[in-house]
Asks: 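Structure in structure tokens, see below.
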Amino acid sequence: MEDPDSERFWIVFPDNYLTPQQEQQMSFQPDMILQFAHFLTDEYALQCTCEPEVYADTYVSLNRRTGQPIIAPEVNLAREIYSWQPRSWIVSLYTREE
């Protein structure tokens with residue numbers, strides 16, 4: 001999370017807010033990550049009286065491959081809207097040639 005006005009940033013650990021099951025489910029479901037980002041935006045907006053920006057540093061591994069980002073790290077999730085439209089902020093997992 002970042003306060004763009006003061007350039008302060010916070011690292012937020014999901015386990016401070018979520019149960020282990022919620023955290024595990026969120027780890028591979030981008031729509032839940034977006035929902036959590038919006039929750040954090042609302043929480044921190046009250047504390048810092050600013051419009052916080054939320055970025056996700058997420059990695060997921062598929063079929064024992066090396067972990068890859070599932071969310072574009074440069075995208076402010078606080079501004080993304082949940083919809084049925086394609087989501088450009090979700091990074092597709094590539095197949096690596098061995």
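As the structure is a prediction and not an experimental result, all values here were calculated from the model.
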Asks: More than 12 heavy atoms of other residues, nucleotides or ligands under 6.0 Å from CD1 of I81: is that the case?
Replies: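 No, not enclosed.
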Asks: Please check if atom CD in Q21 has more than 12 non-hydrogen atoms from other residues, nucleotides or ligands closer than 6.0 Å.
Replies: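 Counting neighbours around CD of Q21, 12 or fewer heavy atoms of other residues, nucleotides or ligands fall under 6.0 Å, so no.
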Asks: Hey, quick one: are I71 and Y55 part of the same hydrophobic cluster, counting side-chain heavy atoms closer than 4.5 Å, chains of contacts allowed?
Replies: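 I71 and Y55: separate clusters.
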Asks: Is there a side-chain contact between Y17 and E23, using heavy atoms and a 4.5 Å cut-off?
Replies: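 No, every pair of side-chain atoms sits at 4.5 Å or beyond.
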Asks: Please report, to 0.1 Å, the donor-acceptor pairs under 3.5 Å made by any side chain of residues 28-39, with sequence neighbours excluded.
Replies:
from: Q29; atom 1: NE2; to: Q25; atom 2: O; distance (Å): 3.4
from: Q29; atom 1: NE2; to: Q25; atom 2: OE1; distance (Å): 2.8
from: H38; atom 1: NE2; to: L77; atom 2: O; distance (Å): 3.2
from: H38; atom 1: NE2; to: E80; atom 2: O; distance (Å): 2.8

Asks: Please tell me whether F13 and F9 are part of a single hydrophobic cluster in this structure, the criterion being side-chain heavy atoms less than 4.5 Å apart.
Replies: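 Yes, F13 and F9 fall within the same hydrophobic cluster.
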Asks: What are the two closest heavy atoms between V91 and A72, and how far apart are they?
Replies: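 Reported closest heavy-atom pair: CG2-N, 3.5 Å.
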Asks: Return the CE to OG1 distance between M26 and T19, rounded to the nearest 0.5 Å.
Replies: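 Reported to 0.5 Å precision, the distance equals 10.0 Å.
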Asks: Just to verify, what does Y44 make a ring-ring contact (aromatic ring centres under 6.0 Å, His included) with, not counting sequence neighbours?
Replies: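 Partners of Y44 under the ring-ring contact (aromatic ring centres under 6.0 Å, His included) test: W10.
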Asks: Nearest 0.5 Å, what's the CG-OG1 distance between N76 and T41?
Replies: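 OG1 of T41 is found 7.0 Å from CG of N76.
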Asks: Might you point out which heavy atoms bring A78 and P52 nearest each other, and give the distance in Å?
Replies: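 Heavy-atom minimum between the residues: CB-O, 3.6 Å.
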